[in-house]
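Taking it in order: structure first as structure tokens, then the write-up.
Every chain is numbered from 1 and lettered A, B, ... according to where its sequence line falls, protein lines coming before strand lines. Predicted model only: the values in this text are computed from it and were never measured.
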Protein chains: 2
Amino acid sequence: MAAVPESHRATLADVAREAGVAISTASVVFSGKTKVSDSTRERVLAAAADLGYTGPDPMAASLRRGRSGIIAVVLEGQLRAAFLDPATIPMMDGLTDGIASLGAGLLLLRDEPGEGGVSPLTTAPVDAAVLVGCSGRTRASLEVLRSRGLPVVVIEGDAGEGIPQITLDNREAAAELARHVRALGHTDVVSVTLPPDSLRERGEVTQERLAAATVEVTVDRLSGVRSVYPGARAVSAAASSIDEGLIAGRALLADEVNRPTAVLAQSDLLAVGVIRAAEELGLRVPEDLSVAGFDGVRVDGIGDHVLTTMVQPAEEKGRAAGEQVARMLRGETPTSLHLTCRFRAGTTTAPIA
Amino acid sequence: MAAVPESHRATLADVAREAGVAISTASVVFSGKTKVSDSTRERVLAAAADLGYTGPDPMAASLRRGRSGIIAVVLEGQLRAAFLDPATIPMMDGLTDGIASLGAGLLLLRDEPGEGGVSPLTTAPVDAAVLVGCSGRTRASLEVLRSRGLPVVVIEGDAGEGIPQITLDNREAAAELARHVRALGHTDVVSVTLPPDSLRERGEVTQERLAAATVEVTVDRLSGVRSVYPGARAVSAAASSIDEGLIAGRALLADEVNRPTAVLAQSDLLAVGVIRAAEELGLRVPEDLSVAGFDGVRVDGIGDHVLTTMVQPAEEKGRAAGEQVARMLRGETPTSLHLTCRFRAGTTTAPIA
DNA sequence: TTGTATGCGTTATCAG
DNA sequence: CTGATAACGCATACAA
């Protein structure tokens, strides 16, 4: 094998010349789209090896076929923010599977304009895009993508006309959980919610605040709870994390007089935090306090508890999005999907004493 | 704005014709590489808006420029496996920063061959690649990338000749932590390690097992501990998680007779698990047991403890890799970097009683 | 089965 | 400041 000349990488033309065949023939040897005699193939492959040719140039191939083999995943803000949600990773794994039939890769994009002021969304060679949690700026990203004529799928976000989206039955699922708790006899229930808006302030979720809320999932899940417990009290955390749940839990449970008998947390992480707050205060879960979560992701550090929760099909969410992308790329019409969460009985809720 | 014809997206040629200018002129209006009179620019922009032209086609531009604006991040196995390590996300954020000057995006690739048997590594239109945790199959990926003539940077992995790599002073950092503990008077110390190999079995780290270990970081950190505490006992966890630390901690601390006075965990997550195990058994940290971690990432759910640990420059790791990539792309010679961890005194270690 | 001819949509060079 | 022109490297329809 000859050394690779840094100056000029070998091209198909070089290989063809070396092998004494036409460029198209050499091309076909690599794409496999047409039969080629064994002898020719070998000659071509030998020439390729000799020249250090490792296959068609991806950029040239992309231009020619009109496909780059890359799907964009558009997340809000910093990566670390997006990955704070434990459902994100399984979702991405599902997405990877969903687009596996395309042999495509995932391009991680933030929805912020980059250095030069131009968003990578405008300049990235992608075949399609998946928007995750479409709110605020993401809405603008959608416009850009659409105007480029790219297939777009939205996961859990307000997409608008004619854009396939993957949604969760957040409201109904929250209601189911609430009914479970009601069936256990609880009447004094508080909801610990995700941040309702980008302000991310802790505290009571008032009417005003709810009216101005921008995070759909927060609103939906709370609405589900209140369909069972009208007017139920709700306090919001500043983020979805164990520590935030702990803070909310401490505030909630410290007041012995108005202490609820059950807490419905809008995420498993928050629920774990609440449980920990309860334990700190000497309350037993579920004997003294029932706690339910939401998401059904594997939470590290929960120890022996099994959280009562609604399991969301996180991986399925990604896979579905990927499949719709694949369909659109094949020219088929995509469909929106509404996925449902599944109730999981755990050890953290019990009949009221 | 005219409707976008699905049949044929407008091209620069269309815009130029509509605006009555040469293609090259229209091109410069978008690239800004040359002065253009205001009047011409406006005509071109107007024509573009009219035709629904949103800018140069990325694939064509890529081919022409020889740059796709995409950097590959090659991770081992499933995404969820890679993201189990809490240092991964800050690392990715750093990487994003590091390549910001390139205006490039990150393409997530697994190092497994895809559907058709051909790895995306061969066909993805990327300008460079960052390999994370180079072991086993990743080693083969390196070959592929190199033969394509792409710049490659390796983060925490065995890269081989002439490939710039970003490494951590795992051994020395572990030793520093051990010295801290020794200075506190502890003589009975156990190390809870990361998995030494892909078997991921829990249990005593024997001589044989250590000799057959494949995970460099595990070996290095243990070696650092043993440079201070020769022959110190070590038990391995099956993964880096709180729950695994809990399991290891229970096993370690249950035996009252041989109970160590200090535990050096190879990750913060493991350390938190050990602390929890101690608390379960009624041991106070740090009064009855000192526990130190490694990584210095923010661990959710740790409550009020501040872990004594070595803070690894996770974000810096990514940034450094990104910067080296940027350098190589600019034709400059890259350099390998050896980053050092910083000791952070917390509330989980104390002088021996 | 193999070769011929086009053009995918740009950008860079250079002349006007 | 603007325009003509030549690649960039390949994949396909079609002819042989």
Looking for any heavy atom pair under 4.0 Å, which part of the strands does B:Ser37 touch: base, sugar-phosphate only, or nothing? sugar-phosphate
What one should report as the nearest heavy-atom pair of A:Ala10 and A:Tyr53 is O-CD1, 3.3 Å
In whole angstroms, the gap separating C1' of C:dG9 from CZ of A:Arg148 amounts to 13 Å
When rounded to whole Å, the CZ to C1' distance for the pair B:Arg67 and C:dT10 reads 16 Å
- Counting N and O atoms only, with roles assigned by atom type, does the side chain of A:Gln165 sit under 3.5 Å from a partner on the main chain of A:Gly157, one being a donor and the other an acceptor? yes
(message) Classify A:Val21 by what it touches in the nucleic acid, base, sugar-phosphate, or nothing, heavy-atom distance under 4.0 Å.
(response) sugar-phosphate
Is the A:Phe83 ring parallel, tilted or perpendicular to the B:Phe83 ring (thresholds 30°, 60°)? parallel
Once you apply a heavy-atom cut-off of 4.0 Å, does A:Thr11 come out as touching a base, just sugar-phosphate, or nothing? sugar-phosphate
Closest non-hydrogen atoms of A:Thr335 and A:Pro164, given as atom of the first, atom of the second and distance, are O-CB, 4.1 Å
Here the distance between atom P of C:dG3 and atom NZ of A:Lys35, to the nearest Å, is 18 Å
Assert: residue with more 5' nearest nucleotide on DNA chain D, out of A:Ser31 and B:Ser39, is B:Ser39
Between CZ of B:Phe30 and C1' of C:dG9 the distance, given in whole Å, is 13 Å
From CG of A:Leu12 across to P of C:dT6 the rounded distance in Å is 19 Å
Checklist entry - Should A:Thr40 be listed as having a side-chain N or O under 4.0 Å from OP1 or OP2 of C:dT1? => result no
Given 3.5 Å as the limit, does a donor-acceptor pair link the side chain of A:Thr88 with the main chain of A:Ala82, or not?
yes
So the contacted stretch of DNA chain D, first to last nucleotide with an atom under 4.0 Å from a non-hydrogen atom of chain B, runs from D:dC1 to D:dG9
Within residues 59-66 of chain B, the residues having a heavy atom closer than 4.0 Å to DNA chain D are B:Leu63, B:Arg64
Checking A:Arg327 side chain against A:Glu332 main chain: does a donor-acceptor pair fall under 3.5 Å?
no
Next item on the list: Please answer whether the main-chain N or O of A:Ile71 pairs with a side-chain N or O of A:Asp127 as donor and acceptor at a distance below 3.5 Å.
Entry: no
The nucleotide from C:dG9, C:dT4, C:dT2 with an atom nearest the side chain of B:Asp57 is C:dG9
Margin query: So that I can tick it off, tell me whether A:Asp93 and B:Arg110 are bridged by a salt bridge, with the cut-off set at under 4.0 angstrom between side-chain N and carboxylate O.
Written below: yes
Determine, for A:Arg146 against A:Glu143, whether the closest basic-nitrogen to carboxylate-oxygen distance falls under 4.0 angstrom. no
Indicate, with a heavy-atom threshold strictly under 4.0 Å, whether B:Ser24 touches base, sugar-phosphate, or nothing.
base
